[in-house]
Asker: 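Okay, here's the structure, questions in a sec.
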Protein chains: 2
Amino acid sequence: MKPASRKTEIITTASRLFKEKGYNAVSMRDIAQAMGIKASSLYNHISGKQEILSTLILTVAREFTNGMEQVVSSKGTSVEKIEKIIEFHIDITVTYSEALPALNNDWMHLKEDDLQQFVNMRDDYEQNVRIVIKEGIKANEIEARHPEVILFSILSTLRTLYLWYEKRGKLDVNVLKRDMVSVLLQGIV
Amino acid sequence: MKPASRKTEIITTASRLFKEKGYNAVSMRDIAQAMGIKASSLYNHISGKQEILSTLILTVAREFTNGMEQVVSSKGTSVEKIEKIIEFHIDITVTYSEALPALNNDWMHLKEDDLQQFVNMRDDYEQNVRIVIKEGIKANEIEARHPEVILFSILSTLRTLYLWYEKRGKLDVNVLKRDMVSVLLQGIV
DNA sequence: GTCTATAGGATGATAGAC
DNA sequence: GTCTATCATCCTATAGAC
């Protein structure tokens with residue numbers, strides 16, 4: 001356990017509060033109080049509330065982008081690529097579960113450059129999954145249903161996984177990966 | 001086109017703004033300005049900001065509860081019941097697409113009684129889907145995978161459908177129902 | 001039904017002492 | 001690195017004129 005820097009401590013405290021009430025309902029005073037200091041002291045470590053949000057969101061967004069780049073440049077069938085996407089998505093969810101609510105619900109409160117960066121990364125991510133699905137359909141690995149519905153179903157499930165992971169007493173990650181791949185690829189009937 | 005009451009107009013204007021920025025980032029001044037009046041005028045039609053949120057959320061939550069009650073009391077196999085759930089979920093999404101962001105992201109800002117009512121309805125809803133899935137597994141209609149993963153996958157997809165329905169140029173509802181049932185039940189490979 | 005004026009409090013952020 | 005004190009602004013909501 002290396003001692004977390006004060007800045008890191010602010011970010012993690014804030015992410016816990018954002019998770020419960022959302023970015024706009026959490027004040028600098030709330031964050032400071034949760035750390036046992038005064039709001040003005042926070043400004044010795046960060047430039048403002050915006051920096052907390054953008055650090056939180058962009059750090060995780062870059063993880064997703066990295067994971068996707070590895071999958072895209074890997075060899076294998078389209079189905080294998082989707083399996084890899086599901087798996088690294090679960091890994092990131094487990095590692096950054098506290099930050100994901102902000103990424104899903106508070107990204108619109110980013111300003112200018114940060115907002116643009118995030119939206120670009122998110123669009124690229126989605127587009128990469130779309131390409132994998134379409135290649136899979138072309139190669140007859142994936143059923144030729146509406147590709148957007150398949151894309152939407154997979155991404156919706158993965159993006160809100162953090163809501164369930166915590167609630168269900170932190171399921172075993174490998175069991176979760178196996179069941180998730182199975183449910184999303186083979187369906188339930 | 002019957003002329004919407006002023007109160008209804010407030011609710012729909014607010015839901016549009018909540019959708020873009022979230023409950024806490026929208027002020028009474030914002031809502032009033034979008035209607036071309038002053039914030040103080042709003043209070044002649046509603047008791048406060050909280051009433052807007054609770055009307056918005058509880059109206060839709062009751063629709064989901066009604067839909068679920070009809071499915072639960074209907075005859076048919078478990079798979080048929082899941083199909084019905086998917087279908088009425090899509091119907092509600094199409095009808096109330098402006099209100100769903102608040103239901104998904106701002107319910108925690110409800111107060112006391114309203115919050116309790118909402119959480120109860122939401123838990124009951126989830127529990128009813130869970131029962132249908134477990135009955136389906138017992139009857140060998142549904143594969144005996146982790147029931148919670150199946151539950152989570154279906155509900156995640158349905159609950160965030162509003163995000164996609166608008167973006168994709170409002171897909172035809174019947175095509176959407178058919179493809180969604182197919183993807184969620186039979187999978188993609 | 002809408003307005004102006006305003007109360008009463010919370011908010012993000014800064015200055016300067018220790 | 002934290003504090004107190006404070007600023008300027010925004011917020012929800014009310015009172016009362018028209």
Asker: Pick one: which of B:Asp114, B:Asn120, B:Asp113 meets side-chain hydrogen bond (donor to acceptor under 3.5 Å, both in side chains) with B:Gln116?
Answerer: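 For B:Gln116, the side-chain hydrogen bond (donor to acceptor under 3.5 Å, both in side chains) test succeeds with only one of B:Asp114, B:Asn120, B:Asp113, which is B:Asn120.
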Asker: Take atom CD1 of B:Ile31 and atom P of D:dC11, then tell me their distance rounded to the nearest Å.
Answerer: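 B:Ile31 atom CD1 is separated from D:dC11 atom P by 11 Å.
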Asker: Is B:Glu148 paired with B:Lys134 through a side-chain N to carboxylate O contact shorter than 4.0 Å?
Answerer: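 Salt bridge between B:Lys134 and B:Glu148, a charged N being under 4.0 Å from a carboxylate O: no.
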Asker: Look at the rings of B:Tyr125 and B:Phe88 and say which category their plane angle falls in: under 30° parallel, 30 to 60° tilted, over 60° perpendicular.
Answerer: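 Ring orientation, 0 to 90° scale: perpendicular.
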Asker: Between B:Phe118 and B:Ala61, which heavy-atom pair has the shortest distance, and what is it?
Answerer: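 For B:Phe118 versus B:Ala61, the nearest heavy atoms are CD1-CB, 4.1 Å.
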Asker: Using a 3.5 Å cut-off and no angle test, enumerate the donor-acceptor pairs between side-chain atoms of residues 80-87 of chain B and protein atoms at least two apart in sequence or in another chain.
Answerer:
{"unit_1": "B:Glu80", "atom_1": "OE1", "unit_2": "B:Thr77", "atom_2": "N", "d": "3.0"}
{"unit_1": "B:Lys84", "atom_1": "NZ", "unit_2": "B:Ser74", "atom_2": "OG", "d": "3.4"}

Asker: Could you run through nucleotides 13-18 of chain D and give me one letter per nucleotide, 5' to 3': B if any protein heavy atom sits under 4.0 Å from the base, S if only the sugar-phosphate is that close, - if neither?
Answerer: BB----
Asker: What is the distance from NZ of A:Lys38 to P of D:dT4, rounded to the nearest Å?
Answerer: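 My rounded result for the distance is 5 Å.
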Asker: Salt bridge between A:Arg159 and A:Glu126, side-chain N to carboxylate O under 4.0 Å?
Answerer: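 So A:Arg159 pairs with A:Glu126 through a salt bridge.
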Asker: Under a 4.0 Å heavy-atom cut-off, which of residues 14-27 of chain A touch DNA chain C?
Answerer: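 Residues of residues 14-27 of chain A that come under 4.0 Å of DNA chain C are, in numerical order, A:Val26, A:Ser27.
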Asker: Within residues 105-116 of chain B, which residues have any heavy atom lying less than 4.0 Å from an atom of DNA chain D?
Answerer: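 Hits under 4.0 Å, by residue number: none.
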Asker: Examine B:Val183 and B:Val175 and state if one hydrophobic cluster contains both, with Ile, Leu, Val, Met, Phe, Trp and Tyr joined whenever side-chain heavy atoms are less than 4.5 Å apart.
Answerer: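 In one cluster with B:Val183: B:Val175, no.
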Asker: Find the distance A:Arg6:CZ to D:dC3:C1' and express it as a whole number of Å.
Answerer: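 Rounding to the nearest Å, CZ of A:Arg6 and C1' of D:dC3 are 13 Å apart.
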Asker: Is any side-chain N of the basic residue among A:Arg130 and A:Glu135 closer than 4.0 Å to the acidic one's carboxylate O?
Answerer: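 Result for this pair is no, no salt bridge flagged.
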Asker: Specify the separation, in whole Å, of atom CD1 of B:Ile46 and atom C1' of C:dG1.
Answerer: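 Roughly 14 Å, once rounded to whole Å.
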Asker: Just how far, in rounded Å, is P of D:dC3 from CD1 of A:Ile37?
Answerer: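 Distance, rounded to whole Å: 6 Å.
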Asker: Can you list the residues that meet the ring pair (Phe, Tyr, Trp, His ring centres under 6.0 Å) rule with B:Phe18, with sequence neighbours excluded?
Answerer: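 B:Tyr23.
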Asker: By side chain to side chain contact (heavy atoms under 4.5 Å, CB included), which residues pair with B:Arg29, not counting sequence neighbours?
Answerer: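 Checked B:Arg29 against side chain to side chain contact (heavy atoms under 4.5 Å, CB included); matches are B:Ser27, B:Ala39.
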Asker: When rounded to the nearest 0.5 angstrom, what distance separates CD in A:Gln127 from CG in A:Leu151?
Answerer: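 A:Gln127 CD to A:Leu151 CG: 9.0 Å, rounded to 0.5 Å.
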